[in-house]
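Shown next, in structure tokens, is the structure this report addresses.
Residues take their numbers from the sequence shown, with the count starting at 1.
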Amino acid sequence: MDFSSQNEWDGQVFKKLQIIDADLSNKALEDCVFEDCDFVNCSFKNTSWINCTFRDCNLSNTDIVNCQFDEVKFEQCKLLGLNFSLCKKLLFSIKTEKCNLMLCNFSNLKLQGMSFAGSTIVDCDFFGADLMKGDFSNCELKGSLFENCDLRQADFRGATTYAIDPLKNKVKKARFSMPEVLSFLAPYELVIDG
């Protein structure tokens, strides 16, 4: 089955696709599943993904400008360099589970209730994102930037290596665990014994 042969797919399962450096723009996909697929350096500009699932896929350096992501799940995927902030904002809804996200941009997106559970989120930007009730439980967040974010009621229990300034973000009723929550004190250069 040649994925690039047509622009509309519905209810299809794709396995082990290896597509690199291809222009796959202007597609409409609904209720599709992608398993163990590589879309490295591909362009999906203006593509609509509705109720689709990616499992064990690599979407490194994929161009997703003006894409629609509506109820899309990423499970154990590699997402490197994706700029989600350039996607369509209406009905934007994704979920990541145990994914490896690096250098991704989620700035100024409404991500209320979004789950990143168990993911590694390195050097990602969340400037101005609405992450109220988001799930970052058991995530590694090394180098990820949270500024002017709504993190109220978000779950960071078990999360590690985050740097969140409570003066630059809304954190009311967010859940954190010890000892990582002590990172809130880092900007004050305090000496804490014991």
Donor-acceptor check, side chain of [X] to backbone of [Y], threshold 3.5 angstrom: yes or no?
X	Y	answer
Thr120	Asn100	no
Ser144	Cys124	yes
Ser119	Cys99	yes
Asp155	Arg157	yes

(request) Please test Gln153 against Lys173 for side chain to side chain contact (heavy atoms under 4.5 Å, CB included), starting from the C-alpha separation and ending with a verdict. (result) CA-CA 5 Å; Gln153 300 178 50; Lys173 296 190 178 180; 4.0 Å; yes
For residues [X] and [Y], determine if any side-chain heavy atom of one lies less than 4.5 Å from a side-chain heavy atom of the other.
X	Y	value
Lys89	Lys110	no
Phe3	Gln12	no
Ile94	Met114	yes
Ser85	Asn108	no
Leu29	Phe34	yes
Phe136	Ile164	no
Arg55	Glu35	yes
Asn105	Phe127	no

Would you give the length of the straight line joining atom [atom1] of [X] to atom [atom2] of [Y], rounded to the nearest 0.5 angstrom?
X	Y	atom1	atom2	answer
Lys170	Asn148	NZ	CG	8.0 Å
Lys88	Ser48	NZ	OG	7.0 Å
Lys133	Asp150	NZ	CG	10.5 Å
Phe156	Leu151	CZ	CG	4.5 Å
Gln112	Met132	CD	CE	6.0 Å
Met102	Asp123	CE	CG	6.0 Å

(message) The criterion is ring-ring contact (aromatic ring centres under 6.0 Å, His included); which residues satisfy it with Phe44, sequence neighbours excluded?
(response)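 For Phe44, the residues satisfying ring-ring contact (aromatic ring centres under 6.0 Å, His included) (neighbours in sequence not counted) are Phe39, Trp49.
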(message) By the definition side-chain contact (heavy atoms from CB on, under 4.5 Å), identify the one residue from Thr96, Thr161, Leu101 that meets it with Ile121.
(response) Leu101
(message) Tell me which one of Val40, Asn58, Asp38 satisfies side-chain contact (heavy atoms from CB on, under 4.5 Å) with Gln18.
(response)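 Exactly one candidate clears the test, Asp38.
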(message) Quick one about Asn51 and Glu71 (side-chain donor to acceptor, distance below 3.5 Å, no hydrogens or angles considered), yes or no?
(response) no
Are [X] and [Y] joined in one hydrophobic group, where the rule is that I, L, V, M, F, W and Y side chains link up if heavy atoms are under 4.5 Å apart?
X	Y	value
Leu103	Leu109	no
Leu17	Val72	yes
Phe84	Leu80	no

(request) Measure up the Trp9 and Phe14 rings against each other and bin them: parallel (under 30°), tilted (30 to 60°), perpendicular (over 60°). (result)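 Plane angle over 60°, so perpendicular.
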(message) Parallel, tilted or perpendicular, judged at 30° and 60°: which one describes the rings of Phe116 and Phe106?
(response) perpendicular
Check residues 63-70 and write down every donor-acceptor pair under 3.5 Å in which the side-chain atom is one partner and the other belongs to a residue at least two apart or another chain.
{"unit_1": "Asp63", "atom_1": "OD1", "unit_2": "Val65", "atom_2": "N", "d": "3.1"}
{"unit_1": "Asn66", "atom_1": "ND2", "unit_2": "Asn46", "atom_2": "OD1", "d": "2.7"}
{"unit_1": "Gln68", "atom_1": "NE2", "unit_2": "Leu90", "atom_2": "O", "d": "2.8"}

Which heavy atom of [X] sits nearest to which heavy atom of [Y], and what is that distance?
X	Y	result
Ser25	Thr47	C-OG1, 3.9 Å
Gly128	Cys149	N-SG, 4.0 Å
Cys32	Asp10	SG-N, 4.1 Å
Leu141	Ala159	CD1-CB, 4.2 Å

(request) Please report the C-alpha distance between Tyr162 and Phe176 in whole Å, then the side-chain angles of each, then the deciding distance to 0.1 Å, and finally whether the ring-ring contact (aromatic ring centres under 6.0 Å, His included) criterion is met. (result) CA-CA 11 Å; Tyr162 54 81; Phe176 297 91; 5.8 Å; yes
(message) For the NZ atom on Lys172, are there more than 12 heavy atoms of other groups (residues, nucleotides or ligands in this structure) within a distance under 6.0 Å?
(response) no
(request) Start with the C-alpha distance between Phe54 and Leu79, add both sets of side-chain angles, then the distance that settles side chain to side chain contact (heavy atoms under 4.5 Å, CB included), and finish with yes or no. (result) CA-CA 11 Å; Phe54 292 87; Leu79 307 173; over 6 Å; no
